Engineer: 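One structure is given below, represented as structure tokens, and several questions about it will come after.
Starting from 1, each residue takes its place in the sequence as its number. In this text the structure is predicted, and so the values were computed from the model without any measurement.
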Amino acid sequence: VQLQACGGGLVQAGGSLRLSCTASGSVFAINAMGWYRQAPGKERELVASIRSTGYTNYADPVKGRFTITRDDAKNTAYLQMNSLKPEDTAVYYCNGDVSAYVGSYVRSFDYWGQGTLVTVSS
């Protein structure tokens, strides 16, 4: 299983970006997907997550500005980021709790996608 993240870029403060993360390979089911970010000199932090039930969780700094959704048919999660601020600048990583085929079995693993850089200019 691989997670492919894309959608980062440079945007002015107040602008919007949409990140996407697609799981491919021997995917049986996606139990949860989330987005984390890591700014220079800071630890990686959770931004938002969504479970298979549709339950979502957001970090306080992004509540009301970011929205996480998922398209199960495409094994993809999206992070819509609106009203971006310079402090949102970071490398964003997607994470997936994925049930994958391992031979004739199904096992759950934690996967990380490559980071995508989001830069918000003031």
Engineer: Flag the pair Leu3 / Trp112 as yes when at least one side-chain heavy-atom distance between them is below 4.5 Å, and no otherwise.
Structural biologist: no
Engineer: Between Val47 and Tyr78, is there a shared hydrophobic cluster once you connect ILVMFWY residues whose side-chain heavy atoms come closer than 4.5 Å?
Structural biologist: no
Engineer: Whether the Tyr92 and Arg37 side chains hold a donor-acceptor pair (N or O, under 3.5 Å, no angle test) is what I'd like checked.
Structural biologist: yes
Engineer: Sequence neighbours left out, what pairs pass side chain to side chain donor-acceptor pair (under 3.5 Å) with at least one residue falling in residues 62-74?
Structural biologist: Asp60-Lys63, Arg65-Asp88, Arg70-Asp72
Engineer: How long is the straight-line distance from OG of Ser122 back to CD of Glu87, given to the nearest 0.5 Å?
Structural biologist: 10.0 Å
Engineer: First locate atom CG of Leu46, then atom CG of Asn57, and finally report the distance between them rounded to the nearest 0.5 Å.
Structural biologist: 6.0 Å
Engineer: Once you round to the nearest 0.5 Å, how far does OG of Ser49 lie from OH of Tyr36?
Structural biologist: 7.0 Å
Engineer: Treating Gln114 as the side-chain partner and Ala5 as the backbone partner, does any N or O pair qualify as donor plus acceptor under 3.5 Å?
Structural biologist: yes
Engineer: Regarding Arg107 and the six-membered ring of Tyr105, is the cationic atom NZ or CZ under 6.0 Å from the ring centre and inside 45° of its axis?
Structural biologist: yes
Engineer: Please say yes or no: joined through hydrophobic side-chain contacts below 4.5 Å, possibly via intermediate residues, are Val102 and Tyr111 part of one cluster?
Structural biologist: yes
Engineer: With the side chain counted from C-beta on, respond yes when Tyr93 and Asn95 share a heavy-atom pair under 4.5 Å apart, and no when they do not.
Structural biologist: no
Engineer: Determine whether Leu84 and Tyr58 fall in the same hydrophobic cluster, where Ile, Leu, Val, Met, Phe, Trp and Tyr are linked whenever their side-chain heavy atoms lie under 4.5 Å apart.
Structural biologist: yes
Engineer: Side-chain atoms of residues 10-31: list all donor-acceptor pairs with protein atoms under 3.5 Å, sequence neighbours left out, distances to 0.1 Å.
Structural biologist:
residue: Ser16; atom: OG; partner: Asn82; partner atom: OD1; Å: 2.9
residue: Thr22; atom: OG1; partner: Thr76; partner atom: OG1; Å: 2.8
residue: Asn31; atom: ND2; partner: Asp97; partner atom: O; Å: 3.4
residue: Asn31; atom: ND2; partner: Asp97; partner atom: OD1; Å: 3.2
residue: Asn31; atom: ND2; partner: Ser99; partner atom: OG; Å: 3.1

Engineer: Restricting to side chain to side chain donor-acceptor pair (under 3.5 Å), what partner residues turn up for Gln2, sequence neighbours left out?
Structural biologist: none
Engineer: Tell me if the aromatic rings of Trp35 and Phe66 count as close, with their centers under 6.0 Å from one another.
Structural biologist: no
